[in-house]
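What you see is a predicted model, and the numbers here were worked out from it, not measured in a lab.
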Amino acid sequence: MTAAENVCYTLINVPMDSEPPSEISLKNDLEKGDVKLKTEALKKVIIMILNGEKLPGLLMTIIRFVLPLQDHTIKKLLLVFWEIVPKTTPDGRLLQEMILVCDAYRKDLQHPNEFIRGSTLRFLCKLKEAELLEPLMPAIRACLEHRHSYVRRNAVLAIYTIYRNFEHLIPDAPELIHDFLVNEKDASCKRNAFMMLIHADQDRALDYLSTCIDQVQTFGDILQLVIVELIYKVCHANPSERARFIRCIYNLLQSSSPAVKYEAAGTLVTLSSAPTAIKAAAQCYIDLIIKESDNNVKLIVLDRLIELKEHPSHERVLQDLVMDILRVLSTPDLEVRKKTLQLALDLVSSRNVEELVIVLKKEVIKTNNVTEHEDTDKYRQLLVRTLHSCSVRFPDMAANVIPVLMEFLSDNNEAAAADVLEFVREAIQRFDNLRPLIVEKMLEVFHAIKSVKIYRGALWILGEYCSTKEDIQSVMTEVRRSLGEIPIVESEIKKEAGELKPEEEVSVGPAQKLVTEMGTYATQSALSSSRPAKKEEDRPPLRGFLLDGDFFVAASLATTLTKIALRYVSLVQEKKKQNSFIAEAMLLMATILHLGKSSLPKKPITDDDVDRISLCLKVLSECSPLMNDIFNKECRQSLSHMLSAKLEEEKLSQKKESEKRNVTVQPDDPISFMQLTAKNEMSSKEDQFQLSLLAAMGNTQRKEAADPLASKLNKVTQLTGFSDPVYAEAYVHVNQYDIVLDVLVVNQTSDTLQNCTLELATLGDLKLVEKPSPLTLAPHDFANIKANVKVASTENGIIFGNIVYDVSGAASDRNCVVLSDIHIDIMDYIQPAACTDAEFRQMWAEFEWENKVTVNTNIIDLNEYLQHILKSTNMKCLTPEKALSGYCGFMAANLYARSIFGEDALANVSIEKPIHLGPEAPVTGHIRIRAKSQGMALSLGDKINLSQKKTSL
């Protein structure tokens, strides 16, 4: 057995710079030194043995001069020493000296100090020599009756380990421990004893549990956890036992320990799919989320609830608990609230939608009174979106929701107000019966709107949907009120003559491209200004926007005035009133044009806006039926088309989701009858405890791809050549935030290689956790070395290094074999994700790192190229399939993904098919990638460059 295969229980940090001491000086210190000196010498001996030194000459010295000492530190160090020191001769027989050691430990097991007894028992768990343990058995048994629980619980562990490794030394261990368990009072001792019975003799464990099943609630939480595990395993292996223990699991749901409640709920769900069981488990999860203060715990338990919801038969049970789930919204953490709202929205049905809307309305009103917290605005946005979705799915609710939400149009937070506006636009188009209510509410809050973007949207809605004479008059009144005294230029000049205006500060911000309602581009200038507060108060809102130089809102106003004027003409028969209304609308547009051309605004009107207002003036002066149709019918039709396409898309995605969740059974699928199933076939479900243990150890068993070639061998990287003296290859296992390198090292020479060390270094955001320890390789021997690397962010990392070793007996310097680089693939951290168009645009504007990749491929079809990029980068296409269908020679699509570290990655694919080069010409174009960090943008670009060309199979 090589040194690398020895089981290691104790890790000791060794300072590398110290000079190794000689055996003689150590012997001297151990013989003649005081306790302090002996302690230091013993530490050095332990370190040298760990480094591969044998030091056989010191064994008797330690037995004679150190073993008899009563100092606790030395006793602790001796336990480590006896654990690592070689105890057998080269031919495998036990060393004679070990009998003396054995006697010393027999005395320690009868020592009056409980710490020494307990730590000696712990040490005995690590011994693998039956000859050493045999004389100690009576003393170990006696420790089960010691007065102190520390000794008793370690005695149980020692007996368990010895029984597992050498059953002949204590064949009656299960019986002994069962009797001990019946009389034991201490929780930790009972837990260890019960744990042993589970693994050593499950029937005895079940007998014990049957006798005390009614007292389970009074046990300590550590014992309750073990009982849950036992019940899970028993029912997993033998389902007929379920009825016997399910009541016990129900009782454990009431435990005072959150850990026990969590495990009991998880076990209950796997044991029974009855609605009462699911309801009890879900209720338990909800209580845990509300009572636990740690947000990570809340998120984990919420994930459990979401998993429950995925099961079609459980969904109906959870629908009754929606109101309980909404209690979680009292948590201030945004991520928890986001998941909760999403879960509630998935569970909403016609039975509970009314209650859900009432709670959400209360939450929205609450956010209005809260002193500004950084997440309040985002939370309000989430609530608005959830209410929006509820109203679209259940139109009856819209009438209750709209009045509350429209108050937020005057909100300072533009994002929340924009969401409300989007909702109102959809509602007014979809629900004809709500139009009068919405228009009335809109006119009420119109004057209080503070954001120019929201003002533009509100103007458009009013212009589009005011259909009565009174409403049209009200809109005109509101616009006049918002513009203030006209003509604007003259009144402003008078004002200036009356009082001198203070200097205005002008600041520069980023320029924005905006799209008008007609689909044309308009540029919003980057200058913004801060004016004195007094002036702000005096000036009406629309006038303020115009004087600040924001004339895009004037173009929007011109369109609105044109629409309502044309509609007024068709409603009112009197020519005088018609002309008067049109003249008033034209006057407003003319005065705005005049203002734009004057020197009063911060910045002059743009040509786009001049053209737009001039066009509206021309339309009003002519009033042709064609223009009437375009302004008053076709605008609304295009909105209607857009909304119906959006709804269709949502329905399609919901249909896909439900198809995923519905378990379809094929006609020729076998039917399994529980009574006829063999025991070993019952474990079709994975063992949850085994899975969670594997996950904790970083060995999560991912479902292998359908392709048999996509196995572990794909992740093996060859590090050296076959002709090198040392051959090495590494299996790279990526487990979320860390990477485990399992390196196989083979000695291809006929020499013994000493101090063979794997030296690694990293490039990028990777950090080596520990330095692999050196080992000795016999001729043609091999060993496995494991190295852990922590990952901090998503970027391509490189691990490089070399293997250094000494040849036994050679006088030359150390030999070195340089290893090939290991490239860590960014794809292990990137997952497809979804976001709205508005969020995509916002992130696109905010992210400063851009990487432009030129398309260089042999793929000749646009759609095929897009699918190839999506597959190789793990990104999700946000552009709907409908928009990408058909063929027109070019394609543009937005892609989005998120890393497990929460970093966002955006990409815009803009490709075309050069038709003039013939049908076989490959796709050309660009892919622009944007990310917050440089590493992410560059790594994704590299990945696309590497995988652009399609490999011929």
Side-chain angles (χ1 to χ4, degrees), residues 414 451-464 479-480 482-484 486-493 504-531 539-566 582-624 626-628 630-632 634-635 638 841 844-845 892:
E414 192 179 282
S451 159
V452 65
K453 185 178 168 188
I454 308 305
Y455 204 92
R456 284 201 310 267
L459 270 175
W460 187 88
I461 288 172
L462 286 172
E464 190 64 60
V479 168
R480 288 294 299 261
S482 188
L483 258 182
I486 56 170
I488 301 172
V489 178
E490 280 179 30
S491 63
E492 284 295 316
I493 289 170
E504 299 149 10
E505 301 164 25
V506 178
S507 62
V508 181
Q512 274 181 296
K513 258 210 165 170
L514 299 160
V515 184
T516 65
E517 295 83 16
M518 305 296 284
T520 54
Y521 279 107
T523 305
Q524 190 178 26
S525 177
L527 286 162
S528 64
S529 63
S530 55
R531 286 190 171 245
R539 187 179 290 155
L542 186 53
R543 197 186 191 95
F545 298 144
L546 296 175
L547 284 168
D548 284 342
D550 194 333
F551 282 96
F552 188 35
V553 71
S556 181
L557 174 67
T559 312
T560 298
L561 289 173
T562 309
K563 282 178 186 175
I564 60 171
L566 290 171
I582 290 174
E584 191 176 357
M586 291 172 81
L587 170 66
L588 292 179
M589 292 185 219
T591 189
I592 289 170
L593 270 179
H594 185 196
L595 173 69
K597 297 288 186 187
S598 72
S599 59
L600 287 175
K602 298 276 177 68
K603 46 187 189 289
I605 191 167
T606 60
D607 293 344
D608 280 344
D609 297 330
V610 170
D611 288 351
R612 184 75 176 161
I613 297 170
S614 309
L615 171 76
C616 291
L617 281 167
K618 189 170 169 53
V619 168
L620 284 182
S621 62
E622 291 171 2
C623 285
S624 69
L626 171 68
M627 284 300 152
N628 197 351
I630 290 173
F631 271 84
N632 278 339
E634 292 189 18
C635 285
S638 58
R841 286 198 198 100
W844 189 266

Least distance between heavy atoms, [X] atom then [Y] atom:
{"X": "Ala555", "Y": "Ile613", "result": "CA-CG1, 4.3 Å"}
{"X": "Leu561", "Y": "Ala585", "result": "CD1-O, 4.0 Å"}
{"X": "Asp609", "Y": "Ile605", "result": "CB-CG1, 3.8 Å"}

Verdict with supporting geometry, Val619 and Leu566, side chain to side chain contact (heavy atoms under 4.5 Å, CB included):
CA-CA 9 Å; Val619 168; Leu566 290 171; 4.3 Å; yes
Could you state the interatomic distance from [atom1] ([X]) to [atom2] ([Y]), rounded to the nearest 0.5 Å?
{"X": "Leu588", "Y": "Cys616", "atom1": "CG", "atom2": "SG", "result": "12.5 Å"}
{"X": "Glu584", "Y": "Met589", "atom1": "CD", "atom2": "CE", "result": "11.0 Å"}
{"X": "Asp611", "Y": "Lys618", "atom1": "CG", "atom2": "NZ", "result": "13.0 Å"}
{"X": "Leu459", "Y": "Ile454", "atom1": "CG", "atom2": "CD1", "result": "12.0 Å"}
{"X": "Ile582", "Y": "Ile564", "atom1": "CD1", "atom2": "CD1", "result": "11.0 Å"}

Using salt bridge (charged side-chain N to carboxylate O under 4.0 Å, His left out) as the criterion, list what pairs up with Lys597, not counting sequence neighbours.
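In terms of salt bridge (charged side-chain N to carboxylate O under 4.0 Å, His left out), with neighbours along the sequence ignored, Lys597 is linked to no residue.
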Find out whether [X] and [Y] are in side-chain contact, i.e. whether some heavy atom of one side chain is under 4.5 Å from a heavy atom of the other.
{"X": "Phe552", "Y": "Lys453", "result": "no"}
{"X": "Thr560", "Y": "Val479", "result": "no"}
{"X": "Phe551", "Y": "Leu595", "result": "yes"}

Is there a donor-acceptor pair under 3.5 Å between the side chain of Thr562 and the backbone N or O of Ala558?
yes
